Amino acid sequence: MSPASTATSPDTSGAAGLDEATGADVRVRFCPSPTGTPHVGLVRTALFNWAWARHCGGTVVFRVEDTDAARDSQESMDAIVEALAWVGIDYDEGPGVGGPHAPYRQSERRETYADVVVRLVEGGYAYESFSTPEEVEERHRAAGRDPQLGYDGFDRDLTPAQVQAFRDQGREPVLRVRMPDEDVVVEDLVRGTVTFPAGSVPDFVVVRANGQPLYPLVNPVDDALMGITHVLRGEDLLSSTPRQVVLHRAFVELGLSRRVPRFGHLPLVLGEGNRKLSKRDPQSDLFLHRERGLLPEAMVNYLGLLGWSIAPDRDVFTPAEMVAAFDVRDIGANPARWDQKKAEAINGDHLRMLAPEDLLERVLPYLRAAGLLDGDLTPAQRRLLEGAVPLVQTRMAVLSEAPGMLGFLLVADEDLVVEEDALAALRPEAADVLDASAAALVDLAEWETAAVEAALRAALVEGLGLKAKFAFGPLRTAVTGRRVSPPLFESMELLGRESTMLRLAALRRRLEG
RNA sequence: GCCCCCAUCGUCUAGCGGCCCAGGACACCGCUCUUUCACAGCGGCAGCACGGGUUCGAAUCCCGUUGGGGGCACCA
């Protein structure tokens with residue numbers, strides 16, 4: 001029996017027993033490869049790992065899988081670091097922070113992999129394989145098997161003479177790991193027992209002919225060497241688990257690690273249609289959501305809802321609450337679809353939970369991006385926003401709505417844009433309303449909300465006999481340029497008498513012309 | 001083709017054999033509040049994929065069917 005197939009005890013499948021890590025012994029990792037912009041799926045995986053470790057008081061390891069020089073980039077790496085910081089996922093070991101298992105970039109760990117490879121070969125867990133894909137396929141055909149079957153194990157037990165013969169032909173072998181001849185059973189934390197039948201997973205390549213170690217090797221090697229106890233990752237990796245488990249068993253037998261980590265495969269996040277949320281899908285782009293104005297804590301909340309729930313009758317929670325309640329065993333197994341509406345509703349709830357001063361700060365970048373602010377706030381601007389932000393707090397779902405809601409307070413009177421639909425909604429009596437309002441307001445003794453409202457009600461509702469609904473519409477349009485705005489009288493108070501009068505007059509002129 | 005996973009309202013989910021002729025949230029539709037829009041409150045619509053078992057009893061367990069998804073590289 002081959003060494004790789006001696007480890008048949010169910011316990012080495014990653015199942016528990018006395019050896020299961022708990023509490024502060026828990027070590028998780030997230031290990032993105034730095035290609036492209038941060039994906040919400042990546043962030044959710046990181047989040048679940050982080051929540052579990054933090055819940056247990058364990059350790060979070062950040063490792064970079066940058067073994068593919070052609071696709072990896074520093075910009076992407078920076079973006080991932082920024083993304084994690086933005087959502088508040090911190091880590092205890094990793095690039096930039098160091099740790100007992102440094103380095104944490106796979107590109108700097110080549111010697112480690114080379115050492116492990118030698119031991120795998122010496123231990124009989126891996127062997128040199130000379131077959132080309134064409135030869136494998138040809139053999140399947142010749143034997144009347146499905147040519148798509150995958151590697152057939154042809155080189156498993158080559159004699160030294162056969163090996164020499166291949167070398168004499170100038171062929172360079174890849175290294176393959178020998179899969180056991182029994183079923184591989186995995187006790188998945190979210191899916192329960194998963195059985196991969198013997199023979200269904202071909203011996204797989206771990207080192208290229210040119211000597212480069214491949215992901216199927218380096219990923220479990222690092223997990224083993226870094227003492228990872230729990231591997232939470234996407235379901236798309238479930239079918240690669242038997243290979244990793246077999247490797248982990250070998251590492252244990254070789255004395256490289258103490259145990260096989262436990263695996264938990266998170267349900268996929270789906271996009272529109274039914275497909276896995278792909279990098280092409282704009283909803284997969286974390287930073288697009290940030291631009292749209294999702295709060296990081298709302299992002300954490302919503303992502304947490306995708307496959308997990310905090311309580312039967314509750315779905316709004318803070319990151320700290322998530323950490324306190326999180327348990328891997330509560331993760332659901334069915335795929336979840338990204339629902340923008342729900343994400344924004346959750347965001348609205350978080351927006352409302354913010355202290356007004358906090359919301360004000362969060363809104364500033366969006367006002368700047370819209371060109372409404374330039375550099376630091378002037379005292380006047382700050383006063384305006386302190387008055388206005390509380391008024392719009394219940395009116396926003398995402399921060400990018402702020403410029404539209406608050407813009408009228410920040411632009412010069414002559415720059416106010418009156419939107420088409422607001423203009424179109426004006427009724428014939430609008431001119432009279434503006435005249436009567438101006439008359440009522442010019443000499444108003446005290447310019448504050450209640451007084452403004454009282455004066456206008458007297459002039460319009462009682463004076464002109466209009467319903468409030470129709471009386472105040474034209475004023476809103478004149479003052480804010482929109483049909484929808486913060487409360488009118490408060491807005492007027494904030495704007496001040498002078499601007500208000502100018503804007504009423506401007507719209508009046510426009511109606512004549 | 002082969003292997004694996006999944007299956008409760010449109011969507012995310014609660015449910016781990018009796019508390020369920022199935023609960024919450026988003027969305028949608030009404031109503032209340034109201035100067036617009038929101039917020040808030042109240043009410044409504046809407047689901048256990050199908051077929052067999054097991055059991056006194058099944059959304060919950062088992063098998064099958066169907067449907068959906070993922071994976072099958074000298075990419076990660």
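Just so it is clear, the model here is predicted, and its values are computed rather than measured.
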(Q) Check this one for me: any side-chain N or O of A/Lys342 less than 4.0 Å away from OP1 or OP2 of B/rU13? (A) no
(Q) With rounding to the closest Å, how many angstrom separate the P atoms on B/rG23 and B/rA46? (A) 12 Å
Q.
Side chains of A/Arg457 and A/Phe472, heavy atoms from C-beta outward: is any pair under 4.5 Å?
A. yes
**Q.** Expected output: side-chain A/Arg476 to main-chain A/Pro486 donor-acceptor under 3.5 Å
**A.** yes
Q) Between B/rU60 and B/rA14, how far is it from one P atom to the other, in whole Å? A) 16 Å
(Q) Students often get this wrong, so: under 4.0 angstrom with heavy atoms, is A/Ser485 touching a base, only sugar-phosphate, or nothing? (A) base
Q: Using both distances under 3.5 Å as the test, list the Watson-Crick or G-U wobble partner of B/rG41, or none.
A: B/rC31
Q. Does any nucleotide pair with B/rA49 by Watson-Crick or G-U wobble geometry, both distances under 3.5 Å, and what is it?
A. B/rU65
Q | Test log, rule side-chain contact (heavy atoms from CB on, under 4.5 Å), inputs A/Thr132 and A/Arg171 | A | CA-CA 10 Å; A/Thr132 65; A/Arg171 294 164 80 143; 4.0 Å; yes
Q.
Tell me which nucleotide, if any, is Watson-Crick or G-U wobble paired with B/rA59 when both distances must be under 3.5 Å.
A. none
(Q) I'd like the C1' distance from B/rG10 over to B/rU35, given in whole Å. (A) 36 Å
(Q) Whether A/Asn334 contacts B/rU8 is assessed here as follows: a side-chain N or O lying under 4.0 Å from the phosphate OP1 or OP2. Is that the case? (A) yes
Q | Integer angstrom distance from the P of B/rG18 to that of B/rC62 | A | 16 Å
Q.
Return the pairing partner of B/rC2 with a 3.5 Å limit on both distances, Watson-Crick or G-U wobble; otherwise return none.
A. B/rG71
Q) With distance as the sole test, does A/Glu108 use its side chain to make a donor-acceptor pair with the main-chain N or O of A/Arg105 at under 3.5 Å? A) no
Q) Are OP1 or OP2 of B/rA76 and a side-chain N or O of A/Thr67 less than 4.0 angstrom apart? A) yes
Q.
Against the six-membered ring of A/Phe204, is A/Arg243 placed for a cation-pi contact (under 6.0 Å from the centre, within 45° of the normal)?
A. yes
Q. Given the C1' atoms of B/rC19 and B/rA40, what is the spacing between them in whole Å?
A. 32 Å
Q) Has the side chain of A/Ser33 got a donor or acceptor atom sitting under 3.5 Å from an opposite partner on the base of B/rA76? A) no
Q.
I want to check one thing: is the phosphate of B/rU35, taken as OP1 and OP2, less than 4.0 Å away from some side-chain N or O of A/Arg457?
A. yes
Q.
What's the closest nucleotide to the side chain of A/Val484 if the choices are B/rC4, B/rC37, B/rC26?
A. B/rC37
(Q) Using atom P in both nucleotides, what's the gap between B/rG1 and B/rC20 to the nearest angstrom? (A) 45 Å
Q. Mind checking who B/rC26 pairs with, Watson-Crick or G-U wobble, both distances under 3.5 Å?
A. B/rG10
Q. Which is true for A/Tyr302 with a 4.0 Å heavy-atom rule: it touches a base, it touches only sugar-phosphate, or it touches nothing?
A. nothing
Q: Hey, which sits more toward the 5' end of RNA chain B by its nearest nucleotide, A/Pro267 or A/Phe196?
A: A/Phe196
**Q.** Distance-only donor-acceptor test, A/Arg314 side-chain atoms vs B/rU13 base atoms, 3.5 Å
**A.** no
Q. Can you say whether the rings of A/Phe326 and A/Phe48 are parallel (under 30°), tilted (30 to 60°) or perpendicular (over 60°)?
A. perpendicular
Q: Quick one: label A/Lys467 by what it contacts on the DNA or RNA (base, sugar-phosphate, nothing), any heavy atom closer than 4.0 Å.
A: nothing
(Q) Suppose we call a contact any N or O donor and acceptor under 3.5 Å apart; does that hold for the side chain of A/Arg395 and the base of B/rC37? (A) yes
Q: Among B/rC75, B/rG69, B/rC3, find the nucleotide with the atom closest to the side chain of A/Leu268.
A: B/rG69
**Q.** Side chain of A/Val194 (C-beta onward), nearest among B/rC3, B/rC5, B/rU35
**A.** B/rC5
Q. If only side-chain N and O atoms of A/Arg337 are considered, is one of them under 4.0 Å from the OP1 or OP2 phosphate oxygen of B/rG69?
A. no
Q: Please tell me which of A/Ala311 and A/Arg483 maps to the more 5' nucleotide of RNA chain B, matching each residue to the nucleotide holding its nearest heavy atom.
A: A/Ala311
